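As structure tokens, the structure follows; a few thoughts come after it.
Residue indices begin at 1 and follow the sequence shown. Predicted, not measured: the structure shown is a model, and the values here were computed from it.
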Amino acid sequence: YCRGLLEAIESRRPAGSTYVVTSFDKRPLKVVKRLAPDADVLFIVNNGKCGEAEIREAEELGAKRIGVRIDRVTRNE
């Protein structure tokens, strides 16, 4: 599945564009990074928080982006 996804992305991606592979499941993100180390991935956090633990998880996956639900985010914390 992941290999097919990456092939589809590369065959259709316009020059100069950025495609980001997203998932809340760590397994496909790990596979994507193994198959394409330069792939841009986003880890969707289920608990809605973006604390130190979530940042560590994203870093372990090689993700430079984290997705959270906006209705669970406070800008005052």
- Pair Arg13 + Glu10: basic N to acidic O under 4.0 Å: yes
- Task: To the nearest 0.5 Å, tell me how far Arg12 CZ sits from Glu7 CD.
- Result: 10.5 Å
- Note on the structure: Closest non-hydrogen atoms of Ser23 and Leu29, given as atom of the first, atom of the second and distance, are O-CD1, 3.7 Å
- Main-chain N/O of Leu61 paired with Lys30 side-chain donor or acceptor, under 3.5 Å: no
- All heavy atoms of Lys33 vs all of Asp38, minimum pair found to be NZ-C, 4.4 Å
- Item | Side-chain heavy-atom pair Arg34, Val31 within 4.5 angstrom cut-off | yes
- Query: Applying the 4.5 Å side-chain criterion to the ILVMFWY set and letting contacts propagate, would Val21 and Ile66 be lumped into a single cluster?
  - Reply: yes
- Between Leu35 and Leu6, what is the shortest heavy-atom contact and its length? CB-CD1, 3.7 Å
- Message: Let me check something: do Val68 and Ile55 share a hydrophobic cluster, defined by ILVMFWY side-chain heavy atoms less than 4.5 Å apart, either directly or through other members?
- Response: yes
- Item | Verify same cluster id: Val41, Tyr19 (apolar side-chain graph, 4.5 Å) | yes
- Could you please spell out the steps behind the side-chain contact (heavy atoms from CB on, under 4.5 Å) verdict for Phe43 and Val45? CA-CA 6 Å; Phe43 177 49; Val45 180; 4.2 Å; yes
- Item | Pairing residues for Arg27 by the side chain to side chain donor-acceptor pair (under 3.5 Å) criterion, not counting sequence neighbours | Asp25
- State the CG-CD distance between Asn46 and Glu54, to the nearest 0.5 angstrom. 10.5 Å
